[in-house]
There are 2 protein chains.
Amino acid sequence: MVEATRRRAIEDVASDLFRERGYAATSVRDIARALSIQGPSLYAHVTSKEDVLWAIVDRAASRFEAAADLAEAKASAARPGDPAEAIAELVRAHVRVVTDDVGEASVFVHEWRSLGTDRRAAVLARRDAYEARFRRHIEAGISTGTFAMTDFAIASTVILSAINGVATWYDPGGRLPADRIADHLVDLTLRTLEASR
Amino acid sequence: MVEATRRRAIEDVASDLFRERGYAATSVRDIARALSIQGPSLYAHVTSKEDVLWAIVDRAASRFEAAADLAEAKASAARPGDPAEAIAELVRAHVRVVTDDVGEASVFVHEWRSLGTDRRAAVLARRDAYEARFRRHIEAGISTGTFAMTDFAIASTVILSAINGVATWYDPGGRLPADRIADHLVDLTLRTLEASR
DNA sequence: GTGGGTACCTAACGATCGCTAGTTAGGAGG
DNA sequence: CCTCCTAACTAGCGATCGTTAGGTACCCAC
């Protein structure tokens with residue numbers, strides 16, 4: 001792993017440690033040890049431990065947002081007004097963001113709770129907005145009859161659980177390549193949603 | 001909340017705190033404060049902080065196992081050899097265990113990583129065995145043609161993510177009662193699995 | 001009334017926490 | 001040669017961590 005800056009190298013090892021043990025259970029000295037330096041030396045590059053967490057979470061959030069922007073634009077261009085196409089592209093984009101950097105994505109999904117009040121509220125709002133994109137297309141699909149399920153809220157929450165879960169179980173060295181996993185996730189998601197196939 | 005023993009009261013408030021902030025971010029004094037006593041006073045009832053976590057995780061694991069035993073027996077009696085019936089009962093049982101005590105279930109799902117090496121390995125083995133019950137019936141359904149999906153491993157993992165996710169988002173004061181949520185989860189799970197409906 | 005059990009207290013231990021201060025070494029550019 | 005930047009160091013601060021020790025008050029059974 002060759003990073004552009006030392007700061008980025010710190011965030012990368014911190015991502016992995018936060019993912020494995022959690023933010024609270026990872027000490028500043030743990031992060032330093034993974035870089036073969038002393039604990040206090042980190043403070044030449046970062047202003048606080050929470051700042052490192054914030055940088056990771058913020059970057060992950062931005063990646064999810066940018067990927068969703070592209071996905072929605074792509075779906076809208078290919079098959080405008082088709083909720084299944086929009087959901088498919090959103091799911092595919094989500095999986096790609098996760099598989100591109102599991103550590104970062106995993107920290108975004110699980111460790112945002114450890115942020116201070118203001119930052120936690122900010123990232124929660126962005127998370128809600130991100131998830132609302134999925135819910136919007138699911139709702140649209142229901143109203144057009146493309147999708148059919150007995151409860152909109154439960155269905156969207158279950159689907160979001162399932163795709164967020166990828167960050168928990170994805171293994172870069174696993175059996176399937178990332179894009180094949182994305183294919184299966186898209187298939188399973190539409191299976192859950194669609195009225196008929 | 002009226003507990004039989006003081007020990008149990010400690011575990012109950014610890015469940016809630018571990019769920020909200022995580023094990024590492026919850027101090028012994030936090031648990032004590034929630035019971036309006038001093039931190040060290042807890043040690044008249046427990047031998048260590050990790051012991052409290054273990055008690056919670058162990059009890060939750062036992063509840064999941066017992067519920068799954070009953071579910072499989074019930075499905076086998078009602079419709080023997082029907083994988084859809086077995087999965088439906090397993091999902092229903094899982095949701096019931098979660099909704100009966102969200103704090104405990106949530107700690108079982110998320111905080112087992114904070115256990116020491118031996119206990120972590122033990123609970124992981126029980127978790128694998130529990131999940132294997134679901135995978136077994138899914139696999140049986142595929143071989144009989146009841147279920148149809150492109151990848152068995154991904155499909156089971158996604159479904160397990162979805163039902164484990166209930167422990168994260170379930171709110172006892174929410175819109176739907178627990179058994180209605182279970183109905184929807186069963187519906188969505190079978191939707192994901194079944195070849196035709 | 002007295003002995004034992006239950007439930008709690010205060011004081012304090014050693015370890016570790018996040019972080020600050022002050023310093024040193026090496027390399028690049030004027 | 002001198003300066004500046006980057007990147008690291010050691011020493012140590014105050015706070016908090018999990019935990020132990022020793023003691024007090026109450027309650028119930030004998």
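Below, read A as the first sequence line, B as the second, and so on, with proteins coming before strands; counting in each chain starts at 1. Values in this document were obtained by computation on a predicted structure and should not be read as measured data.
Distance B:Arg29 CZ to C:dT16 P: 16 Å, rounded to the nearest Å. Taking atom CD of B:Gln38 as the reference point, atom P of D:dC17 lies 13 Å away to the nearest angstrom. Following rounding to the nearest Å, B:Leu35 (CG) and C:dC9 (P) show an atom-to-atom distance of 10 Å. Per the geometry, OH belonging to B:Tyr43 stands 11 Å off P belonging to D:dC17, to the nearest Å. In this structure, A:His45 places its NE2 atom 15 Å from P of C:dC19, rounding to the nearest Å. When rounded to the nearest whole Å, the span between CZ of B:Arg33 and P of C:dC9 equals 13 Å. Rounded to whole Å, atom C1' of C:dG26 lies 17 Å from atom CD1 of A:Ile37. Nucleotide D:dG18 holds its C1' atom 11 Å from the CG atom of B:Leu42, rounded to whole Å.
With A:Arg96 contributing its side chain and A:Ala182 its backbone, the two residues share no donor-acceptor pair below 3.5 Å.
Atom CG in B:Leu160 sits 8.0 Å away from atom NE2 in B:His94 (nearest 0.5 Å).
In the hydrophobic clustering of this structure, B:Tyr23 groups with B:Leu124; members are Ile, Leu, Val, Met, Phe, Trp, Tyr whose side-chain heavy atoms approach within less than 4.5 Å, directly or through other members.
If you check every strand for non-hydrogen atoms under 4.0 Å, B:Ser27 touches sugar and phosphate atoms only.
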